[in-house]
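By convention in this document, chain letters (A, B, ...) are assigned in the order of the sequence lines, proteins followed by strands, and residues within each chain are numbered from 1.
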Amino acid sequence: MSRCWLLKSEGEVYSIDDLARDGQTPWEGVRNYEARNLMRDAMRPGELAFFYHSNSKPSGIAGLAKIVRVGLTDPTQFDKKSDFYDPTSTRAAPRWQMVELAFVERFAAVVPLERLKAEKALAKMPLLQKGSRLSVQPVDPAHFAHILKLARLGSSP
DNA sequence: GCCAACGTTGGC
DNA sequence: GCCAACGTTGGC
């Protein structure tokens, strides 16, 4: 089954513009088991993901990315100099995986979190639930289509 | 910068 | 297995 996703990144750390520049990027540094399990067990190459800027002005959905590879070992878990270093992980049984992302589209304007919250049709999105922090989330296809429409509206004069 | 909400750790 | 303490996330 093909699913849709939402991936969070702090806009000041790695933004959709960075992804546009790089073309592709390893999605390293995920250190949450639920997020890891979703990437490991449910993500497939070719699936699309919204690229969400957190801690930004405004926070919101900034564009689209595509999953191009899955099941990669995140090398930063073994790198003592990395913020993502995990001394409890071993090369024999690596704990953290990552996927490879490709740039697809930068929306003309970020679809702000506030705008998403104002849409009744999106009320059940995990992203919009109080206390939701998961950095890798599945997106319902109907929600996905609705948000794409918002992004296109925002781009018309 | 604040702080509420959450996940993880570790003592017991 | 419980739960308090701690660290992190992320909106505001």
- [ ] Would you indicate which nucleotide in B:dC6, C:dG10, B:dT8 comes nearest to any side-chain atom of A:K8?
- [x] C:dG10

Open item on the list: If you only use heavy atoms from C-beta on, which nucleotide in B:dT8, C:dT9, C:dG11 is closest to the side chain of A:S54?
Closed with: C:dG11

Open item on the list: Students often get this wrong, so: under 4.0 angstrom with heavy atoms, is A:K57 touching a base, only sugar-phosphate, or nothing?
Closed with: nothing

- [ ] May I ask you to check whether over 12 heavy atoms, not counting those of A:Q24, lie within 6.0 Å of atom CD?
- [x] yes

Task: No-hydrogen, no-angle side-chain donor-acceptor test under 3.5 Å, A:R31 and A:T76 - done: yes

TODO: Would you check if there is a donor-acceptor pair between the side chains of A:S82 and A:Q77 at a distance under 3.5 Å?
DONE: no

TODO: Please state whether the phosphate of B:dA4, meaning OP1 or OP2, lies under 4.0 angstrom from any side-chain nitrogen or oxygen of A:K130.
DONE: no

TODO: Indicate whether OP1 or OP2 belonging to C:dG11 is found under 4.0 Å from a side-chain N or O atom of A:Y52.
DONE: yes

Nearest-Å distance for atom pair [atom1]/[atom2], residues [X] and [N]:
| X | N | atom1 | atom2 | value |
| --- | --- | --- | --- | --- |
| A:R133 | C:dC12 | CZ | P | 16 Å |
| A:H53 | C:dG10 | NE2 | P | 13 Å |
| A:N55 | B:dC2 | CG | P | 15 Å |
| A:E12 | C:dT9 | CD | P | 15 Å |

Open item on the list: If the threshold is 4.0 Å, N to carboxylate O, is there a salt bridge linking A:R69 and A:E47?
Closed with: no

